[in-house]
Each structure stands twice: as C-alpha cells, then as structure tokens.
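Have a look at the structure below, then the notes.
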Amino acid sequence: MQQNAPGDPGPGNPGQDDGGQPEGGQPEGASTPGAGVPEGETTALERVSNTVWAWSKEIVTILAIAIVLSFLIKTFLFRAFYIPSGSMENTLEINDRIFVNLLVPQPFALKRGDVVVFKDTQGWLANVPKSTGPFAWVGDIATFIGLAPDSSQQHLVKRVIGLPGDRVKCCDADGKMTINGKAITEPYLFPGASPSDTTFDVTVPAGHLWVMGDHRNDSEDSRAHQAANGTGFVPIADVEGRAVVIAWPLDRLGILGNYPNVFADVPSPASAASQGSPSAIPTGQ
C-alpha cells in the first residue's frame, strides 16, 4: 500500500494546492469582473451615451450661436417690426412683418420716398397698456434678441416726403402735391386716394422730416399732427431705420422700393429758396 508523505497531495486530488483550492488561487464560486454582462452590450451602451452627449453639446452650441447672431443682427443691421394699422396700405397691410435696415439714416442717408420706422417721442400714439400675461416675458425676450418682430405700439411707419429744407405743398391746380415747386405723381397711393384731403404748405426745418402714409385717407401723419399741436415734423434722430423687406406673410414677400423716379426731378431746397418759405402750418380741409 502506497502511503503519502505528510504535505504531499493525494493521488485522488490532482490540480489542487495545499489548501484544497483549485489551481490559480480563485475561490470556488467567485465571479470575475464584468461577469454576467456581455462585453459587446456594455460597449454599445457607452457608445450611445457618448453619441447623445455629443449631439446635445452640438445642439446647445448651435442655439447659442444663433441667439448671439440674431441679437447682433437685430442690434446693428436689421430689426423686425409688426404693422398694426392700415395707414400704409396697400404698400403695407395689417399684420405684415417687415425688416428694417438699421444702417439708415446713419451711415446711409435718407431719401425722399423711403419707408421709415421711427420712435413716437412726440406723442402721436395713445398709450397702450403693456401685456401682463403669465408668459408675456417670453415675447419680450424673443423681441429683445431679435427672434420675434417688435409689436410695440411706440413705433410708427410712414413714407418720407420732405427732407430738411424742402417746401412741401398740397395741392396744385391739378390736385398734385409739390416739393420745392415740382409736382409729383405718386403711384404708391392707396387706389382712389387723393394726395391729400387737407391743404398744407410747409417748409421742413433742419434735422427733421415730413412723413405721410400711403393710405392718405386713413393716416394721421405729419399733416394731422402739425395742424393739431405743431408736432408734425419728425426728428431724424427718432428714425430707427428704413423698411426694406416684407418678410411675412410669405405670399407678400418682397422688397420695399422708394420710387426714385417719382422724386428724380425735384430740385434741391437751395434751388427753390427763391420761391420763399411760408409758415409751416397746414390749413383748411
């Protein structure tokens, strides 16, 4: 009979160490790291997570850039406005959205025929209560950064008819308005509207404009306010810019022209000075 020396493994236990453990020292029943989770599945989850995170960062970056660009464009180049009245029909209709070139009047000069947006610093408009709804701040922020048109009632839009020094008069024997003695034909007027139902003879002071709506029968413009309280001359400093594009609705998308041919033959104020300058007050109906 074979006898084992003390400490020798028995013949019936090959592959075991002195402590009776399997070779390698791993206790029976112990699990290895990652046991039970396939390696391919772990990698896929991590890949999806990384992809979602990368896309999220990219979307946030794009939105941030878009907001910054919108704010810069709105502040220095173009700004959107909303048309609330029919005083400029049919050139501009109620609910039109327009883009205004903020580089006019500086550094580009205003011209007769320009459609301009200006601040109401002279009280032409009645005070309109500010919206106080629970989400009114959303519209205010969107307007501030340029993502929504300015629907403020403290701006007006009219067409420039007289520049500083111009003598503007209506009407002559043919029913036309004259500028520095030259009669003009106005194709932008609302169909059937006369150049003015109110007679006036004014000279535009330095630093100011004489503005009128294209729908002359439905526009409280320079004529009405000059006759009422002498505020008909609009300070050039109040001009926000020149309206250049109708952006909405899409079926009215287009460029706003200033009809240079209408004013091409109008002489400069200096050339017309010899005609004399009357008092700047409209008279009669």
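Just so you know, these numbers use all the heavy atoms, side chains as well, and skip hydrogens, waters and symmetry mates.
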Fill in: Main-chain N/O of R242 paired to D114 side chain as donor or acceptor, under 3.5 Å
no

Practice prompt. Flag the pair I246 / I98 as yes when at least one side-chain heavy-atom distance between them is below 4.5 Å, and no otherwise.
Written response: yes

Response to the item:
For S222 and W124 the tightest heavy-atom approach is N-CH2, 3.7 Å

Worksheet item: Does a donor on one side chain and an acceptor on the other come within less than 3.5 Å for E240 and H155?
Response: yes

Worksheet entry | Residue pair D96 / P249: nearest heavy atoms and the distance that separates them | OD1-CD, 3.5 Å

Discussion item. Any side-chain to backbone donor/acceptor pair from T203 onto R167? Under 3.5 Å, distance only.
Written reply: no

Worksheet item: Side-chain contact, heavy-atom cut-off 4.5 Å: R112 with I179?
Response: yes

Response to the item:
What one should report as the nearest heavy-atom pair of P269 and G165 is CB-O, 3.3 Å

Fill in: Backbone N/O of G213 and side chain of R216: donor-acceptor pair under 3.5 Å
yes

Discussion item. I'd like to check C170 versus V168 (side-chain heavy atoms, cut-off strictly below 4.5 Å). Are they in contact?
Written reply: no

Practice prompt. Starting from the C-alpha separation in whole Å, work towards a yes-or-no answer on salt bridge (Lys or Arg N to Asp or Glu O under 4.0 Å) for E186 and R159.
Written response: CA-CA 11 Å; E186 303 178 273; R159 190 178 298 276; over 6 Å; no

Worksheet item: For the residue pair P267 and N180, what are the closest heavy atoms and their distance?
Response: O-ND2, 2.7 Å

Practice prompt. Taking the side chain as every heavy atom from C-beta outward, state whether S87 and D221 have any pair of such atoms under 4.5 Å apart.
Written response: no

Fill in: Approximate separation, where rounding is to 0.5 Å, of I83 CD1 and E89 CD
11.0 Å

Worksheet entry | Sub-4.5 Å side-chain heavy-atom contact between V245 and I255 | yes

Discussion item. Can you confirm whether L209 sits close enough to K158 that some side-chain heavy atom of one is under 4.5 Å from a side-chain heavy atom of the other?
Written reply: no

Worksheet item: Is the backbone of L189 close enough, under 3.5 Å, to the side chain of D214 for a donor and an acceptor to pair up by distance?
Response: no

Worksheet item: Nearest 0.5 Å, what's the CG-CZ distance between N217 and F190?
Response: 8.5 Å

Discussion item. Side chains of T178 and D172 only: does a donor on one sit below 3.5 Å from an acceptor on the other?
Written reply: no

Worksheet item: When clusters are formed by joining ILVMFWY residues with side-chain heavy atoms under 4.5 Å apart, either directly or through shared neighbours, do L103 and L163 land in the same one?
Response: yes

Discussion item. Within the structure provided, determine whether P235 and Q122 are in side-chain contact (heavy-atom separation under 4.5 Å).
Written reply: yes

Worksheet item: Between SG of C171 and NZ of K176, what distance do you get to the nearest 0.5 Å?
Response: 11.0 Å

Discussion item. If hydrophobic clusters are built by linking Ile, Leu, Val, Met, Phe, Trp and Tyr wherever their side-chain heavy atoms come under 4.5 Å apart, do Y82 and W248 end up in the same one?
Written reply: no

Worksheet item: Parallel, tilted or perpendicular: which fits the ring planes of W210 and F200, with parallel below 30° and perpendicular above 60°?
Response: tilted

Discussion item. Looking at every heavy atom in both I94 and P84, which two are closest together, and how far apart are they?
Written reply: CG2-O, 4.1 Å

Worksheet item: Roughly how far apart are S219 OG and M88 CE, rounded to 0.5 Å?
Response: 8.0 Å

Fill in: Separation of R223 CZ from I161 CD1 (nearest 0.5 Å)
10.0 Å

Worksheet item: Should the pair Y188 and F263 be assigned to parallel (<30°), tilted (30 to 60°) or perpendicular (>60°) ring geometry?
Response: parallel

Practice prompt. Taking salt bridge (charged side-chain N to carboxylate O under 4.0 Å, His left out) as the test, write out the residues that go with E93, two or more places apart.
Written response: R252

Fill in: Distance in Å, H215 NE2 paired with L92 CG, rounded so as to fall on 0.5 Å steps
13.5 Å

